[in-house]
Participant: 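First the structure, which I've put down as structure tokens, then a few questions once you've had a look.
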Amino acid sequence: MFSNTKEFKIAYLKKLEMTFGTSFDESTKREQFQTLGAMIREYVSSEWIRTNEQYRTVGGKQVYYLSIEFLLGRLLRHNLMNLGIESVVTEGLQELGIDLGDLEEIEADAALGNGGLGRLAACFLDSLASMNLPGHGCGIRYKHGLFEQKIVDGYQVELPEQWLRHGHVWEVRKTDDSVEVPFWGKVESYQENGKLVFRHLHAETVTAIPYDLPVIGYNTSTVNTLRLWSAEPSRFPANIDILKYKKETESISELLYPDDTHDEGKILRLKQQYLLVAASLQSIVRSYKKQNRSLIHLHEHVGIHINDTHPAIAVPELMRILMDEEGLGWQEAWSITVNTLSYTNHTTLSEALEKWPVRIFQPLLPRIFMIIEEINERFCQELWEKFPGDWGRIERMALIAHGEVRMAPLAIVGSHSVNGVARLHTEILMEREMNDYYQVFPDRFNNKTNGITHRRWLLKANPNLANLITDSIGPEWINDTTQFEKLLHFKKDSVFLERLGDIKKANKEKLAKIIYEKAGVSVDTSSIFDVQVKRLHAYKRQLLNVLHIMYLYNRMKSDSSFQPYPRTFIFGAKASPGYYFAKKVIKLINTVADKVNHDSHVNDKMKVVFLENYRVSLAEDIFPAADISEQISTASKEASGTGNMKFMMNGALTLGTLDGANVEINELVGEENIFLFGLRAQEVLNFQKNGGYNSREYYHYDQRIREVTEQLVNGFFPDTDGEFTAIYDSLLDHNDQYFVLRDFASYVAIQEKVNMAYQDQSMWLEKSLINIAKSGFFSSDRTINEYANQIWNIKPFKVNN
Ligand code: 26W
């Protein structure tokens, strides 16, 4: 590349002039950004080609991670960092009078995901490449990513997201690798030299065009690929309405479905899932065959991972390819399929489990449906032999029942591995949600506790802390986060702890500026920054957080002796557009913020901020500035959480329930370095199974609860009558599904403990350091290492230059 700023400047200016035909002085920030992006992408091409070449020629097994979401965020500084040229480029640009930060701001987030599942996929890609593991991503190139959120008069308003408006510097369109994907039509079967063969007739085909993005590993020559498919009209079939066909076809990759826990069941979503799966599998098998290996050995050279049930159609699609296109028999095809596929479950929420009505599924995907019927037939036969006469079990476990195709059972039966994303979650899957399948396939179930890429969420997002760590224990942690343990040596080192405190304070100052710019609220950076950022969902209990704030407000107003340590409550959350309750909670948070922030009796001690349009690039400014990490989901509902890990790695203390990965955070840091409260998972599951919870009791016995709930409907908030009735009713009439009132008292108590603890800064900083030191386990490098060794059986491969 360019080893010094001089070389960089020459190459950069030449590229800019060549690309935009404009002089540097005339060039716009966007032209300057696109020039730099294009330079990097072109530069990595040779390593990219070499990586693929060597994978093809000498490489071992490769894995393809199929995900309907990849929440990538911005890639400019991340790629510069992984290429080890961040400083030469920063200085080179400086010498040209450009601030790299300004160019960064130009790049739109690639928001091709909703939340946890999509961001996990992005972190996994970074770990695979940085660990020289042959692992690629397969996704959809949505024209519009997750909507842009505007808060208007306290309400969420969704605006279409336009990340591709100015093109996308990182992608390469690979037209010649396009694939035809058939929809509709019918299947005809006939004998051919003694074999039953199937032909898909009168299908409406769509052309899937791949756009490839380089996935650049950290400080290595490995460049893996993220292939994003875009739907385009294939050759225009005769006698159809061209415009309708064109619109319908392109609409398949037009938009990311903005729901992250609610199965909409829309046919367009099913088309998206089949486009992703059919295009990916056809292109995977096509490049595999180029290696002149027999398909009999496919599973020894290719692993295909199903990220939740959204790509579960991979099971019948691989069967279709192996049988209909490659001529294998059922049994052969089935064992290859099971050994090639593996599946991860990310949620136990019933409304998130995908079930496709047969009346939608069968006409759209006739051949695929036939194969699922056969898989189901054979599976139920097996069950009958294992559990003769046990109709109930077969009815519960069937892949097709009550006119629906159940996608989770399909993924389980068709995969050799089924994993949960945190230990508690996997236990709940094995003992409850998927116990029937666990009994039949005990060896398939395993746990892989989630992780995050410390390169983005610490090295990039919090460079001051990263430097302090490197100064203290050396740079090895960047490739091996178990090194963090060495930081424990400094837990009594006041100089070190003071630097840690200064870094946190500086990050809080930086965030305070953003809060003032974006939300117009001035916050006190010496206050406790208490942060809850994640999708808005009832089970994540942003409502509990805001009811506590109302309680504090009431107390401050009624009891002048009540002087809690100053606190700034920061929220960031998008609600699925159709999720009425969630949107009401956003309105409530903004209404409370308005009241608190404009009340001079309290606003020197308390501020509430709702940061709009929470996304990856904003999150990178929030985690480094947090003191308290709110992880307060109803126990048993949050499969893992990954925000909790990002806060921990940036020195925030977790305030949470023993849910998801909080359980493993607690085990690592010890309960004196975390703030736990609330019902345990077992208690919640028992209440759900056996009843016995009556929220009205807590309303009656706890005056604090009565006051805050009544304030939702008694005009406490001016001209909002009826605005929050739905919330009020959910708590009292619908018996508070997520135990908000049940956990209220212990939440207030633990918040009081935080209040006291924070006032002993040296003790607080020691706890903060212990959290950082113990966060190494939550690097996605550890997680991917486990997937590689225990599920995919892939080995690191050093690409040599
Ligand atoms: C059908 C609609 C839909 C869309 C997305 C249903 C479910 C999803 C995802 C599975 C929801 C999700 O993002 N789950 C989150 O996954 C994270 C990564 O494993 C976990 O850390 C979170 O706990 C889990 O809620």
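One-based numbering, in listed order, for ligands and for the atoms of each. Please read these numbers as outputs of a predicted model, since none were measured by experiment.
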Participant: Side chain or backbone of D308 under 4.0 Å from ligand 1, or both, or neither, by non-hydrogen atoms?
Facilitator: side chain
Participant: Quick one: look up the protein heavy atom nearest atom 13 (O) of ligand 1 and list residue, atom name and how far away it is.
Facilitator: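 Sorting protein heavy atoms by distance from atom 13 (O) of ligand 1 puts L117 N, 3.1 Å first.
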Participant: Between D659 and R680, is there a side-chain N and carboxylate O pair less than 4.0 Å apart?
Facilitator: no
Participant: Is R782 close enough and on-axis enough to F777, meaning under 6.0 Å and within 45°, for cation-pi?
Facilitator: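 Yes - R782 lies over the ring of F777, closer than 6.0 Å to its centre and within 45° of its axis.
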Participant: Using distance alone, decide if ligand 1 has a nitrogen or oxygen within less than 3.5 Å of any nitrogen or oxygen in N450.
Facilitator: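 N450 vs ligand 1: N/O contact under 3.5 Å present.
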Participant: Looking at A639 and H346, what are the two nearest heavy atoms and their distance?
Facilitator: CB-O, 3.2 Å
Participant: For atom 22 (C) of ligand 1, what's the nearest protein heavy atom and its distance?
Facilitator: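 Going atom by atom, the protein heavy atom closest to atom 22 (C) of ligand 1 ends up being E638 OE2, 3.3 Å.
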Participant: Starting from atom 11 (C) of ligand 1, locate the nearest protein heavy atom and write down its residue, its atom name and how far away it is, to 0.1 Å.
Facilitator: D260 O, 3.1 Å
Participant: For atom 2 (C) of ligand 1, which protein heavy atom lies nearest, and how many Å away is it?
Facilitator: H262 O, 3.6 Å
Participant: So which atom in A312 and which in P316 form the shortest heavy-atom distance, rounded to 0.1 Å?
Facilitator: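 Of all heavy-atom pairs spanning A312 and P316, the closest is O-CD, 3.8 Å.
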Participant: Counting both backbone and side chain atoms, is some N or O of G115 under 3.5 Å from an N or O of ligand 1?
Facilitator: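 Between G115 and ligand 1 (N or O atoms, distance only) the closest approach is not under 3.5 Å.
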Participant: What do you reckon, does E354 have a nitrogen or oxygen under 3.5 Å from a nitrogen or oxygen of ligand 1?
Facilitator: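 Between E354 and ligand 1 (N or O atoms, distance only) the closest approach is not under 3.5 Å.
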Participant: How far is atom 19 (O) of ligand 1 from the closest protein heavy atom, and which atom is that?
Facilitator: H346 ND1, 2.6 Å
Participant: Between E664 and K774, does any NZ, NE, NH1 or NH2 come within less than 4.0 Å of an OD or OE carboxylate oxygen?
Facilitator: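 No.
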Participant: If the threshold is 4.0 Å, N to carboxylate O, is there a salt bridge linking K143 and E254?
Facilitator: yes
Participant: Before you tell me yes or no, could you show the steps for T344 and D308 under side chain to side chain contact (heavy atoms under 4.5 Å, CB included), namely the whole-Å CA-CA distance, both residues' side-chain angles and the distance that decides it to 0.1 Å?
Facilitator: CA-CA 5 Å; T344 296; D308 214 89; over 6 Å; no
Participant: Find out whether the Lys NZ or Arg CZ of K574 is both under 6.0 angstrom from the six-membered ring centre of Y614 and within 45° of the ring's axis.
Facilitator: no
Participant: So is G641 close enough to ligand 1, meaning a heavy atom under 4.0 angstrom away?
Facilitator: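 So G641 counts as touching ligand 1.
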Participant: Which heavy atom of the protein is the closest neighbour of atom 4 (C) of ligand 1, given with residue, atom name and distance?
Facilitator: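 For atom 4 (C) of ligand 1, the nearest protein heavy atom comes out as D259 O, 3.4 Å.
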Participant: Going by heavy-atom distance to atom 17 (C) of ligand 1, choose the closest among G643, G116, G113, G118.
Facilitator: G116
Participant: What protein heavy atom sits nearest atom 1 (C) of ligand 1, and how far away is it?
Facilitator: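 Atom 1 (C) of ligand 1 sits closest to the protein heavy atom D263 CA, 3.7 Å.
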Participant: Are H310 and ligand 1 in contact, using a heavy-atom cut-off of under 4.0 Å?
Facilitator: yes
Participant: Using a 4.0 Å heavy-atom threshold (strictly under), name the region of T344 that reaches ligand 1: side chain, backbone, both or neither.
Facilitator: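 For T344, no heavy atom sits under 4.0 Å from ligand 1.
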Participant: To the nearest 0.5 angstrom, please state how far the CD atom of Q751 sits from the CG atom of L544.
Facilitator: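 Reported to 0.5 Å precision, the distance equals 8.5 Å.
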